[in-house]
Amino acid sequence: QVQLVESGGGLVQAGGSLTLSCAASAPAFSSYFLGWFRQAPGKEREFVARIAWSRSSTYYADSVKGRFTISRDNAKNTVYLQMNSLKPEDTAVYYCAADPSGGFTDKTYSYWGQGTQVTVSS
C-alpha cells in the first residue's frame, strides 16, 4: 500500500513562489513514476509535471514550463514541486500521484495524495 501526503500549499501573491512536498510511504519508491496534478474549481484535474525514477527524465505541461520544477529525493521518499512566478490561474488543489508506470493523465496513476490548496492572489 502506497500512501502519499502533500504539504506546502498556501496563499501567495502573483509573482511569488511556493514549494510543494509529497512524502511517500512506499516500498521500492525509487522505481515509481511520480506526478503532480491540479484541479481548479469547476474544472477537470489536469497534468502539471512528471518525473521518472531516474530523476533525469522530467516532463511539464506547457502552462507551467519554465516556471515549475519537479524533483525527487529517493533517500527521503519525497517528491517536490517548486513553483515560481505564480499566476492567479495557478490557483487549484494540487495532488501528487505515484505509479510504477505513471504517464501524463490521471488515469495512469494508482496512488494519490489528499491534495493541498494553492491560492494565488492578483
Trainee: In this structure, is the centre-to-centre distance between the rings of Phe37 and Tyr109 below 6.0 Å?
Mentor: yes
Trainee: Search all heavy atoms of Ile70 against all heavy atoms of Leu34 and return the closest pair with its distance.
Mentor: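 So the minimum-distance heavy-atom pair works out to CD1-O, 3.9 Å.
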Trainee: With distance as the sole criterion, is a donor-acceptor pair present between the side chains of Gln13 and Ser121 under 3.5 Å?
Mentor: no
Trainee: Does Tyr32 have Arg72 sitting over its ring (NZ/CZ under 6.0 Å from centre, angle to axis within 45°)?
Mentor: no
Trainee: Do Thr119 side-chain atoms and Leu11 backbone N/O form a donor-acceptor pair below 3.5 Å?
Mentor: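 The answer is no, because no donor-acceptor pair under 3.5 Å joins these two groups.
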Trainee: Can Lys87 and Asp90 be counted as an ion pair, charged N to O under 4.0 angstrom?
Mentor: no
Trainee: For Pro88 versus Ala14, what's the shortest heavy-atom pair and its separation?
Mentor: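 Heavy-atom minimum between the residues: CD-CB, 4.1 Å.
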Trainee: Would Arg45 pass as a cation-pi partner of Tyr95, given that its NZ or CZ must be under 6.0 Å from the six-membered ring centre and within 45 degrees of the axis?
Mentor: yes
Trainee: Would you say the side-chain atoms of Asp99 pair up with the backbone N or O of Ser110, donor to acceptor, closer than 3.5 Å?
Mentor: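 Checked: pair present.
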Trainee: Applying ring pair (Phe, Tyr, Trp, His ring centres under 6.0 Å) between Tyr59 and each of Trp36, Phe68, Phe104, Phe33, report the one that passes.
Mentor: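 With Tyr59 as partner, ring pair (Phe, Tyr, Trp, His ring centres under 6.0 Å) holds for just one option, Phe104.
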Trainee: Do Glu6 side-chain atoms and Gly115 backbone N/O form a donor-acceptor pair below 3.5 Å?
Mentor: yes
Trainee: Could you give me the CA-CA distance, side-chain angles and deciding distance for Thr116 and Val93, then say whether side-chain contact (heavy atoms from CB on, under 4.5 Å) is met?
Mentor: CA-CA 5 Å; Thr116 186; Val93 177; 6.0 Å; no
Trainee: Considering non-hydrogen atoms only, spot the tightest contact between Leu4 and Cys22 and give its length.
Mentor: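 Smallest interatomic distance, heavy atoms only, reads CB-SG, 3.8 Å.
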Trainee: Check whether any side-chain heavy atom of Thr91 lies under 4.5 Å from a side-chain heavy atom of Val118, and answer yes or no.
Mentor: no
Trainee: Is there a side-chain contact between Phe29 and Asn74 in this structure, where contact means two heavy atoms from C-beta onward sitting under 4.5 Å apart?
Mentor: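 Of all side-chain heavy-atom pairs linking Asn74 with Phe29, at least one is under 4.5 Å.
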Trainee: What distance do Met83 atom CE and Ser17 atom OG have between them, rounded to the nearest 0.5 Å?
Mentor: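 It comes to 8.5 Å.
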Trainee: On a heavy-atom basis, which atom in Val64 and which in Arg38 lie closest, and how many Å separate them?
Mentor: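 Result for this residue pair: CG1-NH1, 3.9 Å.
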